[in-house]
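Have a look at the structure below before the remarks.
Letters A, B, ... are given to chains in the order of the sequence lines, protein chains preceding strands, and every chain is numbered from 1.
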Amino acid sequence: MIDPVPALQARRLCAAYHQQTVLEDITLSLPQGQWTAIVGPNGAGKSSLLNLVIGSLAPLRGELRILGKSPASQRRAGNIAYMAQQEHMEWDFPISVRDTVLTGRYGLMRHDPLWQRLVPRHWANPSHRQAVEAALEAVDMADYAARPIGALSGGQKKRVMLARALAQQARILLLDEPLAGVDPPSEALILATLERERSAGRTVIMVTHDMPSARVHADNVLLINRTLVGMGTPDEMLSDAMLARLAVGAPEARHGGTRVAA
Amino acid sequence: MSQLEPFALGVIDALTALLMMAVNLLPENLAAPFEYRFMQRALLTSVLVGAICGLLSCYVVLKRWSLLGDAISHAVLPGVAVAYLLGWPFFIGAFVTGALTSLGIGAIERHTRIKSDAAMGLMFTAAFALGIVIISKIATSTHLMHILFGNVLGVKTSALLLTLLASLVALLAIWLAYRPLLLYTFDPQQAQALGFNTGAIHYGLIMLLTLTIVASLETVGIILVVAMLITPGATAHLLTDRFTTMLAISVAVGVTSAVVGLMLSVSLDVASGGTIVLVASSLFLVALLAAPRHGLVARHWRRWRLNAQA
Ligand SMILES: Nc1ncnc2c1ncn2[C@@H]1O[C@H](COP(=O)(O)OP(=O)(O)OP(=O)(O)O)[C@@H](O)[C@H]1O
Ligand SMILES: [Mg+2]
């Protein structure tokens, strides 16, 4: 069942914002169909790693492959669904919750026949509609589908953003702290949904600060603090010793030290 | 081009005939001025300008590009002046300097620590000043007034053709790229993650904006065009929570203000560009007061009812 092509593969990957290095010498390989939790302190570069995949940050050196190809081509193929930690969107935008989730399908709509792209969406491919409704159900936001997106609470917005990523039905789900600010019942619901996604063969890559849920659900844990501190099963990586190592990685790494390897 | 011209003139005649059918439904004293050819041209230009400004203004308002619109419209002036010097059609010069300025703003913003609003203010005032200096040397002040404030009654057939072409291009581009444009306006990061070429969308939208501004030059002029790029969209934003409805309302507001403004300016014998903008502003004021959900009256009514219940 396991596909030999890794979902994400990095070789000696480095990234920087204006001369300031935020990721250094990351070499790793994440198999398809598994759930990986990325763990690390604030400012460790977790979001930056995802930004490299979605193309809003360009690597300084090194190589990044998604499903064996360049991230750009996989984005265009619709294989990457992304949920940001902080949305930079216009919440005042005149758009309903349902249509917001539908924007997750816009990448796939490029592969529809031309006429479907030019007509109103009710006449277009019904599979988009079904995916949107299913995703709204999965985060328990179906009752809010007709509301304007700006009329939701912070946690509800997060759930809608997750629904948008789910609606894409992509092979890889990149989620940046999807559980932050979400109430416990919704968290349980979201985790159950992600379990279903994984059993459907999708790859879940999730940044999180929530150790208990990572212990229960993740297949792999990636410890990052500017460099790769460790990678392995949750039991190995979330031990007190490893977490202590992860924490001390921070100040030295920030000051340009070159220590810490897995 | 020479073969296209009779065709384009035919399209203009057909559109004019359509408009005149509507005009003839009006009372005699309102319809009378439109017997004249130049009035018919003015009416058709106004309708087209109102429509494309209405379309684009939704993007301008939602993307917070009001200042950028203002910048591009001012930056058009040196282009008009240089084109006048060289004997080129004015819209070529206008488009070139408008586009160059928006590129310059982007470059300053990206490569220096100057923020975008300062970059815009810097570029457009410099360009505008250059335009004023050149024009003061070569043209009369009436001419300058017409460029700055529009002269819809003096619209030539060539300018009408340009406006028609710009309208078609804008309409087609927004229809074909509806989803990428919507997503880019709403959430650029997601557009990037879904593999859209956000750079191309960004500059494409700026080019459309420049085209719209150039096409509106003769109707409302450089100074006032930005009003037509903000007011219809802002009005529509108050009235609806759906994007397609917003586009429709915005176009309606743009066309209504252009047509009503033109008629008022003729019957009162006042400046047409200013009248058009005043009508648009009045429509905005009405929406601000009376919009069903976001209007001031509705808001106070809701608060009053809540207090009454408590
Ligand atoms: N747009 C940016 N420009 C400059 N520096 C940035 C930018 N975004 C992040 N950084 C820096 O890069 C480093 C890594 O940031 P990143 O957002 O990847 O951290 P993170 O691991 O996601 O942290 P958190 O847990 O707080 O989300 C930080 O030191 C931050 O200051
Ligand atoms: Mg982060």
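Here the straight-line distance linking atom CZ of B:Phe186 with atom CH2 of A:Trp91 works out to 6.5 Å at 0.5 Å rounding. Distance check: A:Leu114 CG to B:Leu176 CG gives 7.5 Å after rounding to the nearest 0.5 Å. In this structure, the separation between CZ on A:Phe93 and OG1 on B:Thr185 is 5.5 Å, given to the nearest 0.5 Å.
Minimum heavy-atom separation, A:Ile80 to B:Leu194: O-CD2, 4.4 Å. The nearest pair of heavy atoms linking A:Tyr82 to B:Gln190 is O-OE1, 3.5 Å. Scanning both residues, A:Pro94 and B:Thr240, for their nearest heavy atoms gives CB-O, 4.1 Å.
A side-chain donor-acceptor contact under 3.5 Å links B:Gln192 to the backbone of A:Gly55. The main-chain N or O of B:Gly195 is found under 3.5 Å from a side-chain atom of A:Arg110 such that the two form a donor-acceptor pair.
Taking the side chain as every heavy atom from C-beta outward, B:Gln189 and A:Ile54 approach each other to under 4.5 Å. For the pair A:Asp99 and B:Phe243, the minimum side-chain heavy-atom distance is 4.5 Å or more. With a 4.5 Å cut-off on side-chain heavy atoms, B:Pro180 and A:Met109 do not count as touching.
Per-residue counts of heavy-atom pairs under 4.5 Å with chain A were compared for B:Tyr178, B:Phe196, B:Trp175; the largest is that of B:Phe196. Note on A:Arg76, A:Arg147, A:Gln74, A:Arg75: by heavy-atom pairs under 4.5 Å with chain B, the leading option is A:Arg75. Contact tally against chain B (heavy-atom pairs below 4.5 Å) for A:Val53, A:Asn79, A:Asp92: the top residue is A:Asp92.
No more than 12 heavy atoms of other residues, nucleotides or ligands sit less than 6.0 Å from atom CZ of A:Arg61.
With a 4.5 Å cut-off on non-hydrogen atoms, A:Gln168 touches chain B through its side chain but not through its backbone. Interface residue A:Asn51: only side-chain heavy atoms are found under 4.5 Å from chain B. Neither the backbone nor the side chain of B:Thr244 comes within less than 4.5 Å of any heavy atom of chain A.
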- Carefully, step by step, assess A:Glu90 and B:Arg64 under the rule salt bridge (Lys or Arg N to Asp or Glu O under 4.0 Å). CA-CA 10 Å; A:Glu90 284 295 334; B:Arg64 304 172 189 225; 2.8 Å; yes
